[in-house]
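Single-structure report; data block below.
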Amino acid sequence: MIRFESVTKRYADGTVAVDDLTLEVPRGGITVLVGPSGCGKTTSLRMVNRMVEPTSGRVLLDGEDVAARPAAQLRRSIGYVIQHAGLFPHRTVLGNVMTVPRLLGWDRARARAAAMEALEKVGLTADQARRYPAQLSGGQQQRVGVARALASGPEVVLMDEPFSAVDPIVRAELQDEVRRLQRELGITVVLVTHDIDEALGLGDTVAVLREGGHLAQVADPATLLAE
Ligand code: ADP
Ligand code: ADP
């Protein structure tokens, strides 16, 4: 589904964030990139939707180099969830979730229907859809972030520390929710976390990164736990 081929990212200041990463992300599961802060997880994730361009190597999506596709189109067709949801405060929940479908050129009625459906999938109500993000709890805002990523029906959803800012009980609910959505929708999720327990609990495939942007290990959780 997604393949990193000898990917290196060196930022303008010389920092090597990702060092010669080769990694296969299988279709239709949850692949977790885990490792300490600064080991290149976010950079790796952002090279999938061209928010960051590799210095060398390439990232393939369905066998095609992502560099061959317009960056704007990729960012719209791949779902993206970040830690603090990143919602527009001056737009309602519904307005936020309609953003991507509207950017894709869907008419208002179709975008609205897709947004309402996505909100329903993450357990939010029509009443909550009319509110502004600040009127929801942190956990609910993350649900809105997930709904926004799903509204246009992407095959791939990238999640960058999606649950790190919420309390443990809400985090467990959201983890279950993502697991359920992944199965129901058959999407491919690539999730970044610094939390090894989250990685082992949620990942079908776990890629362990270490300082300097090196890939240490890739395995399923049972194999990792047995070692
Ligand atoms: P992680 O997600 O694992 O915390 P990042 O991918 O955010 O790691 O960062 C990897 C390394 O690259 C870190 O040393 C970070 O400081 C550095 N880095 C990230 N973004 C930039 C940037 N835009 N310019 C320079 N260095 C960066
Ligand atoms: P959490 O347990 O996720 O931290 P909160 O304690 O923040 O949740 O919120 C609990 C409930 O109060 C939620 O149903 C949320 O919608 C509502 N709520 C929180 N903040 C506001 C607000 N500023 N205006 C209206 N409702 C709010």
Side-chain angles (χ1 to χ4, degrees), residues 1-26 29-61 65-67 69-72 74-75 78-87 138 141-142 145-146 148-149 154 156-168 171 174-175 178 182 187-221 224:
M1 175 94 232
I2 300 167
R3 185 174 158 78
F4 293 84
E5 268 183 8
S6 307
V7 173
T8 293
K9 176 61 187 182
R10 181 191 302 270
Y11 285 107
D13 65 359
T15 305
V16 177
V18 175
D19 190 5
D20 196 23
L21 174 67
T22 294
L23 174 67
E24 191 87 44
V25 174
I30 301 181
T31 294
V32 178
L33 308 182
V34 66
S37 177
C39 71
K41 304 183 296 295
T42 294
T43 300
S44 300
L45 201 66
R46 290 182 172 179
M47 288 192 283
V48 176
N49 67 357
R50 294 194 63 192
M51 288 173 78
V52 171
E53 304 288 352
T55 310
S56 61
R58 51 187 201 152
V59 180
L60 305 178
L61 181 60
D65 190 341
V66 294
R69 286 174 59 180
L74 269 178
R75 281 175 219 156
I78 296 177
Y80 190 57
V81 181
I82 57 174
Q83 185 168 356
H84 291 286
L87 303 176
Q141 289 181 34
Q142 276 313 102
V146 173
R148 184 173 59 178
V156 176
V157 178
L158 309 176
M159 299 190 166
D160 194 345
E161 301 274 4
F163 317 128
S164 299
V166 296
D167 67 66
R171 186 180 313 149
L174 289 171
Q175 287 168 342
V178 164
Q182 185 280 317
I187 52 179
T188 301
V189 174
V190 188
L191 186 144
V192 159
T193 181
H194 62 270
D195 180 347
I196 187 69
D197 292 327
E198 178 163 275
L200 294 172
L202 206 51
D204 298 302
T205 303
V206 178
V208 183
L209 299 172
R210 55 186 168 79
E211 280 84 359
H214 299 282
L215 179 64
Q217 218 177 355
V218 190
D220 61 282
L224 284 175

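Residue numbers start at 1 and run along the sequence shown. Computation of the quantities below employed the complete heavy-atom set of this structure, encompassing side-chain atoms and omitting hydrogens, waters and symmetry-equivalent molecules. Order of listing sets the numbers, starting from 1, for every ligand and every atom in it.
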Which atoms of ligand 1 sit under 4.0 Å from any heavy atom of S37? 4 (O)
N or O contact, G38 vs ligand 1, cut-off under 3.5 Å: yes
Should the proximity of T15 to ligand 1, defined as any heavy atom under 4.0 Å, be assigned to the side chain, the backbone, both, or neither? side chain
Side chains of E24 and T205 in contact at under 4.5 Å (non-hydrogen atoms): no
Can you find a non-hydrogen atom of C39 under 4.0 Å from ligand 1? yes
How about S164 and Q83: does a side-chain donor come under 3.5 Å of a side-chain acceptor? no
Evaluate whether atom CZ of R10 has more than 12 neighbouring non-hydrogen atoms of other residues, nucleotides or ligands under 6.0 angstrom away. no
Candidates G14, G40, S44; heavy atom nearest atom 8 (O) of ligand 1 found on G40
Gap separating the CG atom of L191 from the OG1 atom of T31, nearest 0.5 angstrom: 10.0 Å
Can a side-chain donor-acceptor contact be found between T42 and D160 if the only test is distance below 3.5 angstrom? yes
Shortest protein contact, atom 7 (O) of ligand 1 (heavy atom only): T42 CB, 3.7 Å
of all protein heavy atoms, closest to atom 12 (O) of ligand 1 is A17 CB, 3.4 Å
For atom 9 (O) of ligand 1, which of T43, V16, T193 has the closest heavy atom? T43
Do side-chain atoms of N49 reach the backbone of L74 as a donor and acceptor pair under 3.5 angstrom? no
Looking only at protein heavy atoms, identify the closest one to atom 27 (C) of ligand 1 and say how far it is in Å. Y11 CD1, 3.2 Å
Considering only heavy atoms of P36, which atoms of ligand 1 have at least one such atom less than 4.0 Å away? 3 (O)
Which pairs pass salt bridge (Lys or Arg N to Asp or Glu O under 4.0 Å) with one or both residues in residues 38-53, sequence neighbours excluded? R50-E53
Nearest protein heavy atom under 4.0 Å from atom 15 (C) of ligand 1, yes or no: no
Under a 3.5 Å threshold, yes or no: a donor from one side chain and an acceptor from the other, between T15 and D13? yes
